[in-house]
Colleague: 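Got a structure here, written out as structure tokens. Questions coming.
Please read all numbers here as calculations on a predicted model, not as lab measurements.
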Amino acid sequence: MNSDPVTLDTDADVVLLAGPNGFGKTSLIDALCLLLNGHYYEERRPLVSCTAAGGNGLNYAQIEAIVECNGSENDRRRLVTVRDNQKGHPDVSLPDIFCPGTISRELAARCSFYYQDLLSKLFEEEDAQVRLLEFLRPLPEPETVVLDAVKRARGQWKDMVSSVLGNLASEEGLPDESTINEKRKRAAAAFRDAWNELVDIAGAEGDIKLPGRSGDWLFLINSDNLRSGWAGELRNLAADCLTLLLPDRKQPAPDEKPPGSLRLIEESLFELRRKVIDRISGAEEKLRSLLEDLTDDTVLLPPHAWPAEEKDIAAALEKATELEAQVSLLENLERHFGNPGGPDLLAILVALRDRGGDLLKVPDAAPDFGPPPPVIAWLREAVSHDLAGLADQLEKWQAHVKERRIELLEQLLGTQKTIHNRKVFLEKCKQIYGLMQQVLQFNPHFKVLTDAGSSIYLPELKKLLGSTGAKDHLFMAIERVRAAVSQWIQVEELDEKRKVALQRRAGYMQVREMIDSITGALEREAGKNSVLNSAILPPDDVIRDLQHMVNGVLNRFRLVDGIYPVRFEARRDKRGKAGSSLQVYAADDRPLSALSTGQKAQLGLAMILGLNYSLNRYIGHNIIALDDVTTAFDMAQLPRTAALIRQIAYASDEEFGRQVFIVSHHEDLTNRLLDFLIPPEGRKMRILNFVNWTPNNGPVIEQREVIPGLKASTDNRKKFVDTLKSICLAGY
């Protein structure tokens, strides 16, 4: 890389950067944005693409500028150092010379730098670090202190809850919730990796389509934490598996719990395994594949025992169905006297028991302010009953219902697990005996086993088959997924066992409900959609002022009907995560996403100018940069755009004047724009013409100055008339 510095003269009202694509014009604007605002967009990474000599991997670049501070002489300062090894976030160090502490660097860039390829950055985005609404009305210091306190309280509360619940679980001899969550994350990660591998192998080697999933479908992006809706995602995968592999099988229930979803996926894998085994050419190889996951102490059921086994399984299914109905009934009974929005019936009875007499002692008041007589009559009737006895009876009844529900739930879980295991084993026995019938003609020793009609021990069968050959890749991939599913099922069963054991403890559910309620409140108040944040949204007049400014600029363009004037609305995120955002709508109620590329460009230019002029005192510099702003406009819009730029750059009032950097990528547009932007007398315009670029030396830039036009004074107009008169008198 050429280490000799290149001096660029940008001392002008308008600086036009021209030249072909790829010669470094946008890179120069990016460096200017980093210099002035201290901000870079992730889309621009890597910020540094040079490698230091010797290949030590220490990539760095320095941005320097000549600045004038408060009228002092020019001072050469190294303002920014950028290091980037292209692995993670770059190290950017810069002093706060231009950016005051009252504005975020991201928003300073959004108020002064326009990028056609990053047009959405001017509007509200889902991943914006700082919202426009937050910037239009920053949080006052007391509110910031409150929010910080809430966030600290949330962390302390989580630690305390984890400790308390962990102690409860350890008393029962079970792992605590955090341990279960860690086991679940590891099991889910193993399943995710094995499933993705299976989908690829099944499609490539077996031409079998399986439901694919993105890498983060169970986990948060760039995190090892499970999504809040991971159970629903697992249920959806189970439904997709059944649709492809077992279309006649009943789909999972809308409230199917994770163990049920995992067992359905496991059932689908057995069907996939059967199909893969059927495709294996030799019967003996198929048989070997089926025996792979059976232990040596396994005893196969002979055909004559199958009907009895099927009958027992059917009876167990009926029992499980009855248990499910009883558990569901008891759950409804438990919830019947509850109240999600306040105290339940038992709490009301206890309150009347403890406070009923005091409530009847109403202070003397004028008739207009006395409590309604019917309410007092009802209260007097209510406290006349044996409230202590009623509360005691209701509490005992609830405890009895809960105890019976937990007991039945344990039976149900055990029954379901037994049914699942017996069904899987019976299906394996049928497949194995079916293959043994095919092997009889090749190996007569199998006839001895099958004709005996007794149970077959696995070592005998494996001995007859001999050594196994190389395993099929697809078959091995299926087995890896099955192992991951089995591991995950064990985790979920352990979690169910933990919950059932804790529910037996007196008062645990009430404590848990209180914990969940407080946790939810802290989570809401620590986020962007907190009550506090919603209460201090910018007032309507602030949004109207910005809207008026943007429409004032937008009106300069030639627009079709239905666009102008636009309006802004503060909208609350329905999911409750991203906070409120500033949405843009056209005059005919179309949202921003419905506008064309050119209309978005016009609105984007109006937006940046509206923000810049409204918030200039916070930005820290008087520079506006427009990267490729002319590309989205047709020739009819170019004069209007140029007129707007002239008004900004050549304004006589210091308050409204801005230095404007313009990047143009097309020669025709550059030439037309140049004609429109020729500066008036006393103003300056410079052109940086990028004519080449090489990896070793970077860009080659020709620097030119545009000659200002003559002032249209009275003398100049008289000279023009005299010139025309002399031409006419000469007889031309």
Colleague: Would you give the length of the straight line joining atom CG of Leu390 to atom CG of Leu345, rounded to the nearest 0.5 angstrom?
Modeller: 9.5 Å
Colleague: Going by heavy atoms in the side chains, are Phe219 and Asn225 under 4.5 Å from each other?
Modeller: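 Result no, sub-4.5 Å side-chain heavy-atom pair not found.
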Colleague: Show the nearest heavy-atom pair for residues Phe337 and Leu394, with the distance to one decimal.
Modeller: CD1-CD1, 4.3 Å
Colleague: Quick check: does any side chain N or O of Asn236 sit under 3.5 Å from a backbone N or O of Gly232, one acting as donor and the other as acceptor?
Modeller: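 Yes, the answer is positive, given that a donor and an acceptor are paired below the 3.5 Å cut-off.
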Colleague: Check Lys430 with Glu310, please: is the shortest side-chain N to carboxylate O separation under 4.0 Å?
Modeller: yes
Colleague: Tell me whether Lys185 is salt-bridged to Glu182, with the criterion being a basic N under 4.0 Å from an acidic carboxylate O.
Modeller: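 The answer is yes: the pair qualifies as a salt bridge.
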Colleague: Within the 4.5 Å heavy-atom criterion, are Asn181 and Asp495 side-chain neighbours or not?
Modeller: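 No, every pair of side-chain atoms sits at 4.5 Å or beyond.
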Colleague: Are any of the side-chain nitrogens in Arg213 or Asp240 under 4.0 Å away from the carboxylate oxygens of its partner?
Modeller: yes
Colleague: Do the side chains of Lys402 and Ile406 get nearer than 4.5 Å, heavy atoms only?
Modeller: yes
Colleague: Any chance you could measure Glu410, atom CD, to Thr415, atom OG1, to the nearest 0.5 Å?
Modeller: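 Answer for the CD-OG1 pair, Glu410 versus Thr415, is 11.5 Å.
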Colleague: Are the side chains of Leu198 and Arg480 in touch, meaning some heavy atoms are under 4.5 Å apart?
Modeller: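 A side-chain contact is absent here, since even the closest heavy-atom pair is not under 4.5 Å.
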Colleague: Taking the side chain as every heavy atom from C-beta outward, state whether Trp195 and Leu218 have any pair of such atoms under 4.5 Å apart.
Modeller: no
Colleague: If the threshold is 4.0 Å, N to carboxylate O, is there a salt bridge linking Glu407 and Arg404?
Modeller: yes
Colleague: Which distance, rounded to the nearest 0.5 Å, do you find between the CG of Leu494 and the CD1 of Ile489?
Modeller: 13.5 Å
Colleague: Atom CG of Leu301 and atom CZ of Phe425: how far apart are they, to the nearest 0.5 Å?
Modeller: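 Going from CG on Leu301 over to CZ on Phe425, the span is 5.0 Å.
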Colleague: So do Leu387 and Val350 actually touch side chain to side chain, heavy atoms under 4.5 Å?
Modeller: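 They are not in contact (no side-chain heavy atoms under 4.5 Å apart), so the answer is no.
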Colleague: Could you tell me whether the side chain of Trp488 reaches within less than 4.5 Å of the side chain of Pro258, counting heavy atoms only?
Modeller: no
Colleague: Could you tell me which residues satisfy side-chain contact (heavy atoms from CB on, under 4.5 Å) with Ala239, sequence neighbours excluded, listed by chain and number?
Modeller: Gln251, Pro252
Colleague: When you look at NE2 of His385, are more than 12 heavy atoms from neighbouring residues, nucleotides or ligands closer to it than 6.0 Å?
Modeller: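 More than 12 heavy atoms, drawn from other residues, nucleotides or ligands, come within 6.0 Å of this atom.
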Colleague: Looking only at heavy atoms, what is the nearest atom pair of Gly356 and Val383, with distance?
Modeller: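 That would be CA-CG1, 3.6 Å.
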Colleague: Kindly compute the distance separating CG (Leu210) from CG (Asp200), expressed to the nearest 0.5 Å.
Modeller: 10.0 Å
Colleague: State, yes or no, whether a side-chain contact exists between Leu330 and Leu333 at a heavy-atom distance under 4.5 Å.
Modeller: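 Yes; the side chains approach each other to less than 4.5 Å.
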Colleague: Please check: side-chain N/O of Ser328 versus main-chain N/O of Glu324, any donor-acceptor pairing under 3.5 Å?
Modeller: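 Not a single qualifying donor-acceptor pair exists.
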Colleague: State, to 0.1 Å, how close Leu474 and Ala202 come at their nearest heavy-atom pair, and which atoms those are.
Modeller: CD1-CA, 3.7 Å
Colleague: Starting at NZ of Lys428, measure out to CZ of Arg273 and round the result to the nearest 0.5 Å.
Modeller: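 The distance works out to 6.0 Å.
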Colleague: State whether the side chain of Arg235 and the backbone N or O of Pro254 hold a donor-acceptor pair below 3.5 Å, judged by distance alone.
Modeller: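 Yes: the side chain of Arg235 pairs with the backbone of Pro254.
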Colleague: Show, in sequence, the C-alpha distance, side-chain angles and deciding distance for Leu352 and Leu379, and conclude whether the side chain to side chain contact (heavy atoms under 4.5 Å, CB included) test is met.
Modeller: CA-CA 9 Å; Leu352 288 174; Leu379 182 59; 3.7 Å; yes
Colleague: Going through the checks in order, is the side chain to side chain contact (heavy atoms under 4.5 Å, CB included) test met by Gln487 and Lys183?
Modeller: CA-CA 9 Å; Gln487 177 190 0; Lys183 289 178 178 290; over 6 Å; no
Colleague: Using every non-hydrogen atom in the two residues, find where Ala188 and Leu226 come nearest and quote the distance to one decimal.
Modeller: CB-CD2, 3.9 Å
Colleague: So, using side-chain contact (heavy atoms from CB on, under 4.5 Å) as the criterion, who are the partners of Leu413 when residues are at least two apart?
Modeller: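 For Leu413 the side-chain contact (heavy atoms from CB on, under 4.5 Å) partners, ignoring immediate neighbours, are Leu409, Gln416, Glu496.
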Colleague: Work out which heavy atom in Ile348 is nearest to a heavy atom in Pro343; give both atom names and the distance.
Modeller: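 Closest approach of Ile348 to Pro343: CD1-O, 4.2 Å.
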Colleague: Mind listing the side-chain donor-acceptor pairs of residues 259-266 below 3.5 Å, one per line with the distance, residues two or more places apart or on another chain?
Modeller:
residue : atom : partner : partner atom : Å
Arg263  : NH2  : Glu493  : OE2          : 2.7
Glu266  : OE1  : His420  : NE2          : 2.5

Colleague: Below 4.0 angstrom, N of the basic side chain to O of the carboxylate: do Arg227 and Glu233 qualify?
Modeller: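 Salt bridge: no.
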Colleague: If you look at every heavy atom in Ala194 and Val481, which pair is closest and at what distance?
Modeller: O-CG2, 3.3 Å
